[in-house]
Amino acid sequence: MACIMLATMTLELQKTFEFHEASEMIEQLKIMFHVQAKQERFETLNAFIGCKMAQGSSMSAHVSKMKAYVEHLARLRFLLWDELATDVILALLPKSFNQFVINFIMNDWERSINEIHNMLKNVEANIKKSRNNQVWMISEGQISKKETDNNTGKGKGKAAKKRQGKWKG
């Protein structure tokens with residue numbers, strides 16, 4: 001076992017552990033790399049928690065990045081509960097996803113990160129559709145003759161014209 005371990009090490013480490021048994025090597029390596037692993041875990045966890053998705057940016061890229069952080073933490077032997085990982089991912093979505101987050105929590109859904117990712121793809125597509133429809137309707141409303149005709153009919157539009165006429169002379 002010691003030979004296999006030595007074969008996978010850098011030349012410098014091979015020289016250090018040349019005459020050690022496997023169990024001794026493992027203990028020494030743990031001591032040597034413990035601080036480095038702790039620092040890497042801290043930095044990865046900090047990046048994961050601070051990864052707020054910017055409004056209008058790619059949700060898929062965001063969730064993929066978050067998933068990579070969770071997997072990296074697992075490789076560092078720092079496992080996040082699925083619920084905690086899900087809560088952090090949902091908490092870092094922009095406001096446009098608030099309704100989805102509320103529904104997710106209220107319905108007590110338990111999903112994997114991949115399932116959440118697929119659900120969010122649908123939500124993002126619906127958000128984009130609704131934005132496009134709203135913009136289209138607004139621009140249609142500004143051009144529409146019905147809007148201008150309503151102002152010349154009975155009611156506030158007519159009274160406002162009378163007032164404008166009196167003020168002009």
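For this chain, numbers begin at 1 and follow the sequence in order. As a basis for the values below, the full set of heavy atoms in this structure was taken, side chains included, without hydrogen atoms, waters or symmetry mates.
Here the side chain of Glu43 pairs no donor or acceptor atom with the backbone of Glu40 at under 3.5 angstrom. Checking side-chain atoms of Asn46 against main-chain N and O of Phe42 turns up no donor-acceptor pair under 3.5 Å. When atom types are taken as modelled, the side chain of Lys52 and the backbone of Leu93 share a donor-acceptor pair closer than 3.5 angstrom.
Between Lys65 and Phe48, the closest side-chain pair of non-hydrogen atoms is not below 4.5 Å. Within the 4.5 Å cutoff, side-chain heavy atoms of Met32 are placed close to those of Leu13.
A distance of 5.0 Å separates SG in Cys51 from NE2 in His62, rounded to the nearest 0.5 Å. In this structure, Ile116 CD1 and Arg111 CZ are separated by 8.5 Å, a value rounded to the nearest 0.5 Å. Rounding to the nearest 0.5 angstrom, the gap separating the CG atom in Leu92 from the CE atom in Met66 is 4.5 Å. Rounded to the nearest 0.5 Å, atoms CD (Gln99) and CE (Met106) are 10.0 Å apart. The distance from the CG atom of Asn103 to the CG atom of Asp108 is 13.0 Å, given to the nearest 0.5 Å.
Residues passing the ring-ring contact (aromatic ring centres under 6.0 Å, His included) test with Phe100 are Phe104, sequence neighbours excluded. For Phe17, the ring-ring contact (aromatic ring centres under 6.0 Å, His included) partners at least two apart in sequence or on another chain are His20. Arg77 meets the side chain to side chain donor-acceptor pair (under 3.5 Å) test with no other residue; sequence neighbours excluded. Residues meeting the side chain to side chain donor-acceptor pair (under 3.5 Å) test with Glu24, sequence neighbours left out: none. Residues passing the side chain to side chain donor-acceptor pair (under 3.5 Å) test with Gln36: none are found, sequence neighbours excluded. His117 meets the side chain to side chain donor-acceptor pair (under 3.5 Å) test with Ser60; sequence neighbours excluded.
No more than 12 heavy atoms of other residues, nucleotides or ligands sit less than 6.0 Å from atom CG of Asp82. The number of heavy-atom neighbours closer than 6.0 Å to NZ of Lys38, taken from other residues, nucleotides and ligands shown, is 12 or below. For CD of Gln55, the number of neighbouring non-hydrogen atoms (other residues, nucleotides, ligands) closer than 6.0 Å is greater than 12.
Results of the side-chain contact (heavy atoms from CB on, under 4.5 Å) test with Leu45 over Leu76, Leu73, Val88 single out Leu73 as the only residue that passes.
For Met53 against Pro94, the heavy-atom pair with the smallest separation is SD-CD, 3.6 Å.
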